[in-house]
There are 2 protein chains.
Amino acid sequence: MVRDGSAAERRFEGRLRSLRSAGHRITAQRRAVLRALAMMGCACGAEDVHARARRIYPRLGLVTVYRTLAALVREGLAQTVQLDDGRVRYELRDDGRHHHHLVCLSCGSIARLEACALGRLQSAGLRRGFRVTAHRLELFGYCEDCQPSGGRHEAR
Amino acid sequence: MVRDGSAAERRFEGRLRSLRSAGHRITAQRRAVLRALAMMGCACGAEDVHARARRIYPRLGLVTVYRTLAALVREGLAQTVQLDDGRVRYELRDDGRHHHHLVCLSCGSIARLEACALGRLQSAGLRRGFRVTAHRLELFGYCEDCQPSGGRHEAR
DNA sequence: CCTCCAAATGAAAATGATTTTCATTATCTC
DNA sequence: GAGATAATGAAAATCATTTTCATTTGGAGG
């Protein structure tokens, strides 16, 4: 599980190296958080990361998870996603691949949308003298499994 | 200030009527919150609304502001905006006019962007079997007054 | 106009996510 | 391997927001 040369493993090591070269020490806790985050299918909260990372390093504290996530974000290795419940979600950044989110209002799943067609809006920003350097887009609706017309919907 | 027939005043009365017909009582506190919100140039937090509404109704409590804002959102008269600081911002909805936000990373100002060119992305969502019913977009960058090249920038 | 009651209010306490403090532990440089 | 210093964990602190509960008040019905 640890010593294969898979792409995932190479990415993991790369992130560790980034952290180290940014002046951070590599600890078992940070490895666990990083691995947990990499295992997550989509953006999730600190509590979720904690639960999963604990399976790797059981005495891991929630505080350390918060600190590690903050460090990852600071170093550009992870990013946050804001939904409507007052909790911050985190996800690793794959290279610099920019993406948005499809948030299902029924089951709460968060899928990625790799396409980004915002050039037009960025120009609209420019037009008003505003220089856009970043943006965040979340799309809300119903995923394939939760289509109201599709059969199995779920009261929530 | 209260009895002119301006468009703003008509909108204010319309919102009161909406609240009333949704089964809410009209109180001095709610009037104050609604007026304060209408005076705000852009989305701002409950604390800000409270400060401004207090100038109209001084014994207004922050709790009431929260409750009133929640009611306004529930009735579709206001909406929330999520930025990166963990605080919810509120703004009145003008009719159903959909817009996004231009958040200045230097001075923190929040301007509106009326254009919405997201049809393309919505189709992208559809393509994956996801039915988009709503979306939220925030653009970050530098407003006209804060352009790094423009002269007066502000360390933050 | 008056009464009544559910809805609204405010103060204080509770909550829940996140951050800070501080004493202890452990990484990594030399 | 030793030492400086960053990282950790537990507990306490914060901060925005929500809940509780006793009191007040809007507005429907008389």
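None of these values were measured; they are calculated from a predicted model. Chain naming here is simple, since letters A, B, ... match the order of the sequence lines and numbering starts at 1 in each. Hydrogens, waters and symmetry mates are skipped; everything else that's a heavy atom, side chains included, is used.
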Any base atoms under 4.0 Å from A/Arg30, or only sugar-phosphate, or nothing? Heavy atoms, all strands.
sugar-phosphate
Not counting sequence neighbours, which residues clear side chain to side chain donor-acceptor pair (under 3.5 Å) with B/Gln82? List them please.
A/Asp84
Rounded to the Å, how far apart are B/Arg67 CZ and D/dT18 P?
11 Å
Within this structure, what is the NE2-to-P distance between B/His50 and D/dT18, rounded to whole angstrom?
15 Å
Test side-chain contact (heavy atoms from CB on, under 4.5 Å) on B/Leu69 and B/Val73; report intermediate values, then the result.
CA-CA 6 Å; B/Leu69 289 172; B/Val73 170; 5.5 Å; no
Evaluate the salt bridge (charged side-chain N to carboxylate O under 4.0 Å, His left out) criterion for residues A/Glu9 and A/Arg35: first the C-alpha distance (whole Å), next the side-chain angles of each, then the deciding distance (0.1 Å), finally the verdict.
CA-CA 10 Å; A/Glu9 199 53 36; A/Arg35 277 209 190 278; 3.1 Å; yes
Which residues pass the side chain to side chain contact (heavy atoms under 4.5 Å, CB included) test with B/Arg52, not counting sequence neighbours?
B/Ala36, B/Met39, B/Met40, B/Arg55
For nucleotides 25-30 of chain D, just jot down a letter per nucleotide in 5' to 3' order: B, S or -, based on protein non-hydrogen atoms under 4.0 Å.
BBS---
Excluding sequence neighbours, so at least two apart, what forms side chain to side chain donor-acceptor pair (under 3.5 Å) with B/Arg31?
none
On DNA chain C, reading 5' to 3', which nucleotide is the first and which the last to sit with an atom under 4.0 Å from a heavy atom of chain B, could you check?
C/dA6 to C/dA12
Nucleotide D/dC15, atom P - distance to CD of B/Glu47 in whole Å:
11 Å
On DNA chain D, more 5' by nearest nucleotide between B/Gly86 and B/Val63 is B/Gly86
With distance as the sole test, does B/Ser21 use its side chain to make a donor-acceptor pair with the main-chain N or O of B/Arg17 at under 3.5 Å?
yes
Whole-Å distance separating the CZ atom of A/Arg87 from the C1' atom of D/dC15:
17 Å
For A/His50, give me all partners under ring-ring contact (aromatic ring centres under 6.0 Å, His included), at least two apart in sequence or on another chain.
none
Between the side chains of B/Glu47 and B/Arg89, is the shortest nitrogen-to-carboxylate-oxygen separation below 4.0 Å, so that they form an ion pair?
no
In whole angstroms, how far is the C1' atom of D/dA7 from the CD atom of A/Glu75?
15 Å
Name the closest nucleotide to the A/Thr64 side chain, picking from D/dT18, D/dA16, D/dT8.
D/dT8
Are any of the side-chain heavy atoms of B/Arg15 and B/Leu92 separated by less than 4.5 Å?
yes
